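Everything below concerns the one structure shown next.
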Protein chains: 4
Amino acid sequence: MSTAETTAQAGGPAQECHLGDVFDTQESRVRSYCRSLDAVLTTALGSVVRDSRGREYIDFLAGAGSLNYGHNDPDLKRALLAYISRDGITHSLDLHTTAKRDFLESFEALVLAPCGLEHRVQFTGPTGTNAVEAALKLARKVTGRRNVIAFTHGFHGVSLGALAATANGHHRMAATTSLPDVTRMPYDGCFGEGVDTAELLAQLLDDPCSGIDPPAAILLETVQGEGGLDVASPRWLRRVAAIARRHGSLLIVDDIQAGCGRTGTFFSFEPAQIVPDLVTLSKSLSGMGLPLSVVLIRPDLDVWEPGEHNGTFRGNNHAFVTARAALEKSWADDVLSTAVAARARTVSRELARMAEFVPGARLKGRGMMQGLDVVSGTVATEVRRRCVADGLIIESSGSDDQVLKVLAPLTTPDEVLAQGLAILFDAVVTSSYLAGDFPRASTERSAAHG
Amino acid sequence: MSTAETTAQAGGPAQECHLGDVFDTQESRVRSYCRSLDAVLTTALGSVVRDSRGREYIDFLAGAGSLNYGHNDPDLKRALLAYISRDGITHSLDLHTTAKRDFLESFEALVLAPCGLEHRVQFTGPTGTNAVEAALKLARKVTGRRNVIAFTHGFHGVSLGALAATANGHHRMAATTSLPDVTRMPYDGCFGEGVDTAELLAQLLDDPCSGIDPPAAILLETVQGEGGLDVASPRWLRRVAAIARRHGSLLIVDDIQAGCGRTGTFFSFEPAQIVPDLVTLSKSLSGMGLPLSVVLIRPDLDVWEPGEHNGTFRGNNHAFVTARAALEKSWADDVLSTAVAARARTVSRELARMAEFVPGARLKGRGMMQGLDVVSGTVATEVRRRCVADGLIIESSGSDDQVLKVLAPLTTPDEVLAQGLAILFDAVVTSSYLAGDFPRASTERSAAHG
Amino acid sequence: MSTAETTAQAGGPAQECHLGDVFDTQESRVRSYCRSLDAVLTTALGSVVRDSRGREYIDFLAGAGSLNYGHNDPDLKRALLAYISRDGITHSLDLHTTAKRDFLESFEALVLAPCGLEHRVQFTGPTGTNAVEAALKLARKVTGRRNVIAFTHGFHGVSLGALAATANGHHRMAATTSLPDVTRMPYDGCFGEGVDTAELLAQLLDDPCSGIDPPAAILLETVQGEGGLDVASPRWLRRVAAIARRHGSLLIVDDIQAGCGRTGTFFSFEPAQIVPDLVTLSKSLSGMGLPLSVVLIRPDLDVWEPGEHNGTFRGNNHAFVTARAALEKSWADDVLSTAVAARARTVSRELARMAEFVPGARLKGRGMMQGLDVVSGTVATEVRRRCVADGLIIESSGSDDQVLKVLAPLTTPDEVLAQGLAILFDAVVTSSYLAGDFPRASTERSAAHG
Amino acid sequence: MSTAETTAQAGGPAQECHLGDVFDTQESRVRSYCRSLDAVLTTALGSVVRDSRGREYIDFLAGAGSLNYGHNDPDLKRALLAYISRDGITHSLDLHTTAKRDFLESFEALVLAPCGLEHRVQFTGPTGTNAVEAALKLARKVTGRRNVIAFTHGFHGVSLGALAATANGHHRMAATTSLPDVTRMPYDGCFGEGVDTAELLAQLLDDPCSGIDPPAAILLETVQGEGGLDVASPRWLRRVAAIARRHGSLLIVDDIQAGCGRTGTFFSFEPAQIVPDLVTLSKSLSGMGLPLSVVLIRPDLDVWEPGEHNGTFRGNNHAFVTARAALEKSWADDVLSTAVAARARTVSRELARMAEFVPGARLKGRGMMQGLDVVSGTVATEVRRRCVADGLIIESSGSDDQVLKVLAPLTTPDEVLAQGLAILFDAVVTSSYLAGDFPRASTERSAAHG
């Protein structure tokens with residue numbers, strides 16, 4: 001153990017100041033999440049993380065959806081320790097390894113086959129944005145077209161190819177250069193109930209003079225994790241899938257945040273009964289938060305030349321080991337799916353209770369990917385500040401960061417989930433009250449609840 | 001241990017066939033390295049990897065430069081096992097963690113301070129291309145300019161922003177879309193001895209009507225790992241650094257392959273005594289082949305807004321742990337540097353011997369990043385095939401894949417290095433002979449050597 | 001007179017064949033209008049053109065809106081002959097000339113001042129697309145932004161900068177390269193009565209995560225000449241102007257086809273009472289069909305550096321002479337405006353009569369820029385073929401070329417207008433009948449008309 | 001005649017001030033040439049223009065090469081007056097007209113056939129930049145490639161597609177957006193005598209990892225009119241033509257300024273004995289300064305779809321009439337060519353005399369497209385100022401505007417040419433003297449000359 005670490009673990013405020021200095025002086029200003037959590041994390045287990053001062057936090061952030069199975073799941077940890085202990089190969093580029101083979105077999109048996117998918121697996125550089133880059137590149141290569149349809153509030157990464165598809169202005173403005181070859185279209189519900197945005201898309205693509213060039217692909221999330229937890233309806237998804245097919249465009253589902261069980265099924269698009277041509281997965285794929293990303297490719301579309309799209313870490317064997325363990329543990333039966341459904345109901349119910357105390361509040365998302373739109377980013381910031389103080393880590397998303405996101409691990413024990421939601425409830429109610437918008441009727445109900 | 005894995009370890013040819021099928025049927029055609037190594041790797045230690053049939057291979061590929069300290073270094077492995085065992089936090093986005101703090105402190109003390117650098121560290125998505133994307137984006141943001149100068153034979157990744165700077169036609173053609181905002185310039189030596197390409201660059205940038213827009217950055221490798229091991233001279237590097245400064249452009253050294261000690265010093269640019277504005281590192285940074293990437297930023301250029309460039313895996317704590325252990329083990333003194341110099345001399349000497357048997361052959365590279373240009377890609381392929389058969393993994397690079405690359409771990413024991421070079425010698429001599437180009441004089445010398 | 005011309009004028013079919021050969025063998029296949037008019041034109045006066053066989057045609061094409069004052073107006077012709085006869089300077093780049101000075105004075109007194117506009121005049125290369133290129137470039141320079149909003153069915157030219165804003169797929173597909181930095185939005189009425197597309201635009205621009213970057217400009221036509229004669233309502237135009245103002249974007253009205261009196265007022269946007277920041281004019285500006293194009297620039301936005309946007313023919317003195325004569329003749333009083341209104345009513349009435357014979361037909365456009373959507377491009381082609389045979393030149397536009405366009409000179413005498421409309425009536429009725437869609441009730445009415 | 005014009009012709013300084021105001025208040029700041037000539041031009045004949053105060057100027061600018069046959073050539077003027085008088089059709093889009101037919105026939109007989117060219121003629125919007133846009137678009141369509149090679153100091157226009165190929169930084173910086181899909185290469189002589197830039201180009205294109213994508217076209221001027229009168233040698237041109245052919249790229253010669261006899265032959269590339277795939281012509285094509293532009297297309301490359309590239313003024317009949325008259329007058333025999341050669345020798349001799357008085361001065365260009373590099377833009381500006389004061393209009397070009405350009409009409413009578421060169425001589429000698437660089441020896445010679 002390093003001297004610094006020992007000090008930290010024993011440490012009080014003085015050391016913390018010093019430690020804070022290290023990040024301030026050494027790490028780039030680009031750091032962000034750490035700005036709302038004044039702590040240096042040390043260990044983590046399940047849904048709870050612990051800092052260098054011994055404080056514990058319930059984790060409703062969960063690595064922005066990368067820790068669906070919680071921190072350091074014992075079974076995954078055991079498999080990884082065993083692999084490392086016996087000198088299992090760690091880095092192998094895209095050479096064949098037993099770790100990769102086992103992952104592929106489990107993934108085929110437990111994920112693809114049950115969904116009736118015959119897709120092939122491309123291992124890209126282990127970040128979500130790399131998977132999106134690969135998918136877009138392949139779609140363009142397959143079709144010989146440049147244009148890609150992406151949607152309002154979509155988030156697909158920040159390397160230039162993916163950033164062109166990302167809607168967030170904060171990220172887009174950082175580019176300085178043009179972000180070409182993507183056409184933005186309104187997501188399901190973007191213009192309110194009365195406007196069927198799939199219909200608008202169909203009309204524009206059917207019209208040779210609309211100015212929308214025939215797309216290589218239509219790229220979408222079924223639930224927009226960073227965009228504010230907007231949800232595409234199964235009907236809309238099927239409509240868009242049909243439009244893609246009619247126009248010779250590939251349907252790409254970016255399931256990086258919504259996939260791997262976050263919405264209850266492994267793939268978020270299963271309930272809609274669509275078959276995407278390409279699927280991107282990352283975040284929770286490795287199960288333990290290790291970097292891993294893939295593109296799933298309909299076999300007949302796998303027209304890559306060898307090495308045409310590459311990357312040094314495209315074979316992360318540690319991640320293969322934990323990913324396989326996660327699949328074997330959680331997707332061989334429907335225990336997890338069932339539990340997710342139950343927990344999602346709990347979250348819905350509690351968020352609905354909170355919503356009563358925030359004028360204009362709306363429930364967002366589905367499955368264990370729900371949140372509360374508290375209308376104002378200022379209020380949401382105050383809520384998050386209060387949550388941290390009370391031992392809950394939670395983030396928000398949306399255009400004004402006004403949507404509080406409950407991204408707890410899918411495996412969060414009921415009592416921990418309840419505890420976290422209770423902290424959130426108090427923070428929401430108090431913040432809304434302080435914002436001066438506290439409605440009288442709600443107050444009474446709140447009292448009753450108390 | 002999985003059934004499949006047990007089978008494999010026990011297995012003979014029949015099983016292998018079956019196993020091969022898994023990759024054939026499940027993995028995308030984009031896979032490449034595995035096409036020249038018909039094996040399923042299981043374990044690895046130091047400079048030797050082992051496959052499921054129990055065969056061992058000396059590794060002169062070393063994760064394309066990601067395993068400078070060899071496979072599964074015991075000290076790194078021990079630190080990682082300890083960290084995992086005590087539930088050290090694995091995934092934390094960019095929240096503060098003790099693992100990151102310790103890495104930052106070691107990196108500052110052992111790498112930056114000795115070089116007199118005050119650069120800040122940006123953790124990007126853990127792939128080289130993500131680091132390059134971040135560096136280019138920052139350079140454009142700082143300067144408000146779009147254009148970037150990159151060089152012939154440069155390789156910087158395949159996400160769209162980095163791909164624009166990559167010279168390799170195989171990768172570029174896969175894009176379908178335009179790759180704008182990069183101007184290609186000839187690398188040092190590109191036009192032969194007689195033409196000082198830094199002078200050409202200076203002339204074009206000094207001329208407002210050259211058609212080369214003022215660049216945000218000049219991006220270069222000091223040794224072109226993928227391009228064919230061309231080396232920029234210290235004089236050329238200083239000249240280019242001065243040109244960048246005069247034109248208000250940032251100098252970015254992409255040290256992803258040449259850095260982390262590969263050429264003897266930690267940074268490849270140290271001998272040239274230049275101070276890049278931005279440096280990208282990845283590959284061997286984590287020490288054990290775990291995904292990790294950073295951009296080093298001159299403090300006054302760190303103008304990022306929080307979260308403006310992000311990525312889910314930008315804090316890979318396992319990699320922080322092994323990276324720190326690697327730094328503490330190898331960069332607290334000059335033992336490794338000295339050893340690299342000695343081994344590099346060995347490699348030079350042996351490659352020179354081989355060169356005598358290949359008409360037109362040239363030695364390329366420097367440090368432990370040397371190779372032999374055998375003129376013909378066909379010959380190089382044959383050499384690699386023979387090496388694999390004899391238990392040596394080696395790759396080639398260059399326009400025609402004609403440059404055999406000796407990228408052995410820096411820590412390769414002398415006898416293993418000698419053994420690998422002997423295999424390579426035989427393969428080179430035989431392949432050259434079979435290619436019908438075997439010069440008489442060389443034959444004699446070869447016999448003498450035998 | 002040339003030998004060839006003499007031959008032609010005397011000539012019959014045989015010569016014509018030979019003459020056709022000249023175009024076939026010498027002119028590029030890109031030629032288009034000539035494919036539907038098998039004639040070699042010689043002279044033209046007012047609304048009538050004459051071919052080498054002595055045939056006369058009423059001209060409802062009028063140079064695609066370039067001949068608002070008819071062919072070879074005697075007063076314009078006289079002014080031009082006088083100017084040439086006294087060796088008035090023809091070509092002068094952008095040097096000051098008396099011809100330019102006189103044009104500027106007339107344009108200020110007769111066009112700008114009455115509209116309360118203080119815009120400055122930029123003379124661009126004398127094509128519409130050059131004016132659009134200049135306007136877009138200036139808007140980007142003024143705002144430092146790249147993105148431009150353009151609309152479905154918009155047509156703005158085919159040089160790359162303008163083509164990015166043009167919606168027509170036939171023209172866009174010819175580019176091969178990307179057409180970046182333009183966001184397509186739905187024009188007024190694009191999604192039917194129920195959807196206020198200005199509201200959609202406002203919502204998307206107000207949302208920082210819509211993925212629509214803040215625009216440098218919003219570029220629109222008030223009547224889409226090439227797009228199918230869709231008309232933007234005054235209310236929609238005012239709404240879009242307000243949106244542009246709120247977002248710091250320039251409003252550019254491309255009045256190249258709809259301007260110069262085509263809709264009754266000099267500028268087509270006058271009835272909407274909006275003040276565009278930039279206006280492009282061309283086509284009928286010179287009055288006689290001579291090449292001339294300008295951008296009108298709100299004075300405080302005129303931030304060009306000298307010569308920053310240039311072009312050899314940006315001072316076409318012959319065009320200045322005829323342009324000034326046209327302004328003095330037609331815009332010193334409201335005689336022409338009044339006449340246009342009357343003729344437009346005639347056109348409306350007659351098109352409405354025709355519409356009764358075409359199931360699903362719709363009247364399009366306004367002023368002397370009206371047309372009939374006959375639903376099918378095939379029918380429209382047949383109509384045009386019949387018209388030509390009967391001595392009427394007319395074109396169609398729209399996604400399927402299904403909108404017959406009455407673009408007669410504004411000065412067309414009532415009897416010629418009636419004659420042309422009668423030819424069109426017969427062609428429409430017959431073509432619709434032959435298409436098998438002829439409704440019984442309509443037949444009776446047609447008979448009554450006969 | 002307008003009141004304003006009458007006043008002007010009668011007028012003195014007071015009126016001029018007022019008139020100046022019209023341009024100041026009404027015309028955009030983008031105007032440029034007029035800033036160095038404080039005059040309002042009225043008439044012009046041959047090589048002499050006259051202003052509103054009755055002053056006469058010898059014209060060594062000649063519409064930047066648009067007036068090779070001088071101003072208002074009597075024969076061209078006569079043909080145009082006749083055509084207009086008999087109501088010859090003025091504007092006809094791309095409909096067949098006798099004026100176009102006659103032009104095509106003359107162009108084929110007098111220009112194409114004698115050169116052995118079978119190229120087809122595409123009439124583009126009548127500006128040079130439109131022709132370049134069309135040529136680049138066609139080359140990309142033919143090859144399916146995006147990249148275009150263009151050269152240092154090249155000038156091809158300022159609409160976005162052409163601007164990407166233009167090297168001038170002043171024009172490029174005005175774009176704000178990216179200018180993609182063009183690779184800049186060094187022009188002949190760019191790196192001095194010792195470096196064969198065609199060889200560099202060949203090496204880069206032969207290397208699949210140079211980062212230069214296979215080009216759709218190589219675009220060049222044989223003499224760089226705006227870039228500073230650099231001349232490509234016949235050997236270099238043949239070498240580049242061979243490179244283009246070997247790589248399946250089209251060779252496009254932009255002969256807009258150097259063509260139409262400016263260098264002695266009709267096409268500037270004739271002496272090099274190359275056959276470009278595409279040629280752009282404009283400027284002097286109409287003979288009288290009227291807007292006209294064409295692309296000449298090798299027949300098998302004419303793959304345009306009808307109307308795919310269009311433009312309202314692509315059939316400028318007045319220009320056809322004068323263009324044909326110019327061809328018939330000047331290209332039916334070699335009288336003009338011979339005269340150009342003689343005048344070019346005069347210009348060479350006189351420029352050489354001037355060069356002796358300017359330290360470091362160099363002669364540039366060839367034919368009647370020669371100039372003097374006086375090293376400093378400040379000196380050149382002073383020379384031009386003095387010339388104007390003495391009755392000579394002359395411009396400069398080059399990176400620092402340091403190359404004085406003698407672009408007199410090809411038809412300039414010997415005595416007028418001598419007179420203009422004498423004015424230039426005095427201005428050069430005096431300006432150089434005042435710049436303090438006047439060498440002693442030169443002074444003596446100057447005195448002798450005096």
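In what follows, chains carry the letters A, B, and so on, assigned in the order in which the sequence lines appear, proteins first and then strands, with residues in each chain numbered from 1. In this text the structure is predicted, and so the values were computed from the model without any measurement.
- D:T127 pairs with exactly one of C:N130, C:T312, C:T127 by the side-chain hydrogen bond (donor to acceptor under 3.5 Å, both in side chains) rule, that one being C:N130.
- Contact count versus chain C (heavy atoms, under 4.5 Å) is highest, among D:R120, D:K100, D:E118, for D:R120.
- Note on D:D181, D:N310, D:V49, D:N316: by heavy-atom pairs under 4.5 Å with chain C, the leading option is D:N310.
- Among the candidates D:A79, D:G157, D:G88, D:A164, the residue making the largest number of heavy-atom pairs closer than 4.5 Å to chain C is D:G88.
- The main-chain N or O of D:A174 is never found under 3.5 Å from a side-chain atom of C:K137 such that the two would form a donor-acceptor pair.
- Only the side chain of D:S66 comes within contact range of chain C, judged by heavy atoms closer than 4.5 Å.
- For the set D:R140, D:Q26, D:Q122, the count of heavy-atom pairs under 4.5 angstrom toward chain C peaks at D:Q26.
- Taking NE2 of D:H96 as the start and OH of C:Y33 as the end, the distance is 15.0 Å to the nearest 0.5 Å.
- Every residue meeting the side-chain contact (heavy atoms from CB on, under 4.5 Å) condition with D:T90, not counting sequence neighbours, appears here in chain and number order: C:N72, C:M288, C:L290, D:H318.
- Between the OG1 atom in D:T97 and the CZ atom in C:F23 there is a gap of 6.0 Å [rounded to 0.5 Å].
- Only the side chain of D:L67 comes within less than 4.5 Å of a heavy atom of chain C; its backbone N, CA, C and O stay farther away.
- D:I89 places none of its side-chain heavy atoms less than 4.5 Å from the side chain of C:T42.
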For this session: I would like to know whether C:F313 and D:S282 meet side-chain contact (heavy atoms from CB on, under 4.5 Å); could you show each step before the answer?
Result: CA-CA 10 Å; C:F313 296 113; D:S282 181; 3.3 Å; yes

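- Only the side chain of D:F123 comes within contact range of chain C, judged by heavy atoms closer than 4.5 Å.
- For D:A175, the part sitting under 4.5 Å from any heavy atom of chain C is the backbone (N, CA, C, O) and nothing else.
- For D:L292, the part lying near chain C is the backbone, with the side chain staying farther off; criterion is any non-hydrogen pair under 4.5 Å.
- Taken from CG in D:D51 to OG1 in C:T98, the straight-line distance is 10.0 Å, to the nearest 0.5 Å.
- Of all the listed residues (D:R78, D:H309, D:R146), the one sharing the greatest number of non-hydrogen pairs under 4.5 Å with chain C is D:H309.
- Of all the heavy atoms in D:H170 and C:E305, the pair that sits closest is CE1-CB, 3.8 Å.
- Heavy-atom distances place the side chain of D:R35, and not its backbone, under 4.5 Å from chain C.
- Separating the CG atom in D:L136 from the CG atom in C:L160 is a distance of 8.0 Å, to the nearest 0.5 Å.
- Screening residues 306-317 of chain C for salt bridge (charged side-chain N to carboxylate O under 4.0 Å, His left out), with sequence neighbours left out, gives C:D94-C:R314, C:K141-C:E308.
- Neither the backbone nor the side chain of D:I256 has a heavy atom closer than 4.5 Å to any heavy atom of chain C.
- In this structure, CD in C:E133 is found 8.5 Å from CG in D:L163, a value given to the nearest 0.5 Å.
- Rounding to the nearest 0.5 Å gives a distance of 7.5 Å between OG of D:S28 and CG of C:L138.
- With a 4.5 Å cut-off on non-hydrogen atoms, D:I84 touches chain C through its backbone and its side chain both.
- Highest contact tally toward chain D, considering only C:A319, C:S159, C:G161, is held by C:S159 [criterion: heavy-atom pairs under 4.5 Å].
- Of the listed residues (C:T124, C:T143, C:L45, C:D87), the one with the most heavy-atom contacts under 4.5 Å to chain D is C:D87.
- Among C:P291, C:G289, C:G65, C:A44, the residue with the largest count of heavy-atom pairs under 4.5 Å with chain D is C:P291.
- Only the side chain of D:L61 comes within contact range of chain C, with at least one heavy atom under 4.5 Å from a heavy atom of that chain.
- Ranked by heavy-atom pairs shorter than 4.5 Å toward chain D, the options C:S85, C:S92, C:A82, C:G128 are led by C:S85.
- Heavy atoms of D:F103 lying under 4.5 Å from chain C are absent altogether.
- Neither the backbone nor the side chain of D:S36 has a heavy atom closer than 4.5 Å to any heavy atom of chain C.
- Looking only at distances, a side-chain donor or acceptor of C:D302 sits under 3.5 Å from a matching main-chain atom of D:R29.
- With respect to chain C, the highest number of heavy-atom pairs below 4.5 Å among D:H71, D:Q257, D:K283, D:E328 belongs to D:K283.
- Neither the backbone nor the side chain of D:V294 comes within contact range of chain C; no heavy atom of the residue lies under 4.5 Å from a heavy atom of that chain.
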